[in-house]
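For reference, the structure discussed in these notes is given below.
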Number of protein chains: 2
Amino acid sequence: MRVLLHPAEDEIRLENLFHALSDPARLEVVRTLIALGSEQSCNSLGEAMAKSTFSHHLKVLRESGVTRTRVSGTHRYVTVRSDELNRRFPGLLDLVERSGPPTLTEAAAAALSAARA
Amino acid sequence: MRVLLHPAEDEIRLENLFHALSDPARLEVVRTLIALGSEQSCNSLGEAMAKSTFSHHLKVLRESGVTRTRVSGTHRYVTVRSDELNRRFPGLLDLVERSGPPTLTEAAAAALSAARA
DNA sequence: TTCAATGGTCTACGATCGTCGAACTTGGGA
DNA sequence: TCCCAAGTTCGACGATCGTAGACCATTGAA
């Protein structure tokens with residue numbers, strides 16, 4: 001893929017966001033991204049599923065406007081479009097963040113460490 | 001159907017809410033319910049689709065925890081579970097409400113009037 | 001220039017979804 | 001009682017979704 005499609009801020013539609021976030025695997029990815037706070041490499045997430053499945057989920061998240069993917073060499077870096085989403089749909093990311101387990105940050109970090117090992 | 005299933009407040013899960021609200025028809029129903037503010041009879045909504053389709057959508061909304069359906073004789077009355085949702089997922093209904101067309105209340109009322117005529 | 005690594009594309013599969021018609025159930029009159 | 005009106009359930013259909021294996025494209029390093 002030469003160009004990664006991202007909707008413009010004013011093209012982001014709530015139905016699409018809801019659909020993207022209605023899958024447990026994708027919701028978990030977004031929660032993890034929020035919890036970790038910074039840009040993440042694709043291969044540091046989604047260790048639990050096949051590459052193609054994870055790639056598909058990232059595509060859904062990207063094309064719905066939840067995430068932005070930056071290409072750098074052979075790596076892709078994923079971020080949540082927090083500023084734009086908070087501007088256009090204030091409160092949505094807070095919902096996602098607060099819907100997770102109480103100690104999400106630690107849990108996510110532990111899961112990541114385990115996945116990397 | 002003898003008993004209508006409603007999840008308890010603490011059984012409402014965000015994924016299910018997102019899934020329920022990811023369909024344009026259901027989102028529109030919820031928006032209309034919010035805009036009109038009060039309990040609505042089933043047959044005053046969903047005039048645009050088949051009875052069975054509308055019944056299905058109401059079931060999804062009900063079983064995900066978005067709405068509550070009260071039975072009175074041959075009629076069903078639908079409400080949005082605003083208090084519970086605002087307590088458990090604060091901001092979610094605001095998102096839905098604000099994502100609609102600017103003059104939603106008037107538009108919904110006009111649509112209802114037209115549908116009733 | 002070859003090679004390994006990263007990650008996307010293609011294809012296929014079963015599962016779920018949205019839609020609707022038809023038949024059914026329930027309750028309230030005439 | 002008989003009948004209609006309001007909704008639900010059932011069965012079917014095509015469309016979309018989530019999943020994964022196999023293959024491909026690009027990059028950076030040896």
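Reminder, nothing fancy here: chain letters follow the sequence lines and each chain counts from 1.
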Does [N] have OP1 or OP2 under 4.0 Å away from a side-chain N or O of [X]?
| X | N | result |
| --- | --- | --- |
| His75(B) | dG27(C) | no |
| Ser41(B) | dG7(D) | yes |
| Thr74(B) | dG27(C) | no |
| Arg76(A) | dG8(C) | yes |

Provide the closest heavy-atom pair for [X] versus [Y] in the form atom of the first, atom of the second, distance.
| X | Y | result |
| --- | --- | --- |
| Arg62(A) | Pro7(A) | O-CD, 3.3 Å |
| Thr67(A) | His6(A) | O-CD2, 3.7 Å |
| Ala25(B) | His57(B) | CB-NE2, 4.0 Å |
| Ala20(B) | Arg26(B) | O-NE, 2.7 Å |

Could you state the atom-to-atom distance from [atom1] of [X] to [atom2] of [N] in whole Å?
| X | N | atom1 | atom2 | answer |
| --- | --- | --- | --- | --- |
| Leu61(B) | dC17(C) | CG | P | 14 Å |
| Leu21(B) | dC17(C) | CG | C1' | 16 Å |
| Glu15(A) | dG18(C) | CD | P | 13 Å |
| Phe54(B) | dG21(C) | CZ | P | 16 Å |
| Leu5(B) | dT9(D) | CG | P | 9 Å |
| Leu58(B) | dA6(D) | CG | P | 15 Å |
| Phe18(A) | dC17(D) | CZ | P | 17 Å |
| Glu63(B) | dC17(C) | CD | P | 11 Å |

field: Footprint string (nucleotides 18-24 of chain D, 5' to 3'): B base within contact, S backbone only, - free, heavy atoms under 4.0 Å
entry: SBBB---
task: For a side-chain contact (heavy atoms from CB on, under 4.5 Å) with Leu61(B), tell me which candidate from Thr69(B), Val78(B), Val29(B) qualifies.
output: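 Option passing the side-chain contact (heavy atoms from CB on, under 4.5 Å) with Leu61(B): Val29(B).
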Between the first and last five pairs of the helix from dT1(C)-dA30(D) to dA30(C)-dT1(D), the angle of the axes, rounded to 10 degrees: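 Overall, the helix from dT1(C)-dA30(D) to dA30(C)-dT1(D) bends by 10° from one end axis to the other.
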query: Less than 4.0 Å between a side-chain N and a carboxylate O, is that true for Glu28(A) and Arg31(A)?
result: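 Result for this pair is yes, salt bridge flagged.
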field: N/O donor-acceptor pair under 3.5 Å between Arg88(B) side chain and Ile12(B) backbone
entry: yes
- prompt: Got a donor-acceptor contact below 3.5 angstrom from the Ser64(A) side chain to the Val60(A) backbone?
  reply: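 Checking the backbone N and O of Val60(A) against the side chain of Ser64(A), a donor-acceptor pair under 3.5 Å is found.
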task: Just compare dG7(D), dG8(C), dT6(C) and give me whichever is closest to any side-chain atom of Asn43(A).
output: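 In terms of side-chain proximity for Asn43(A), the closest of dG7(D), dG8(C), dT6(C) is dT6(C).
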Pairing residues for Ser52(B) by the side chain to side chain contact (heavy atoms under 4.5 Å, CB included) criterion, not counting sequence neighbours: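 Only Ala50(B) meet the side chain to side chain contact (heavy atoms under 4.5 Å, CB included) criterion with Ser52(B).
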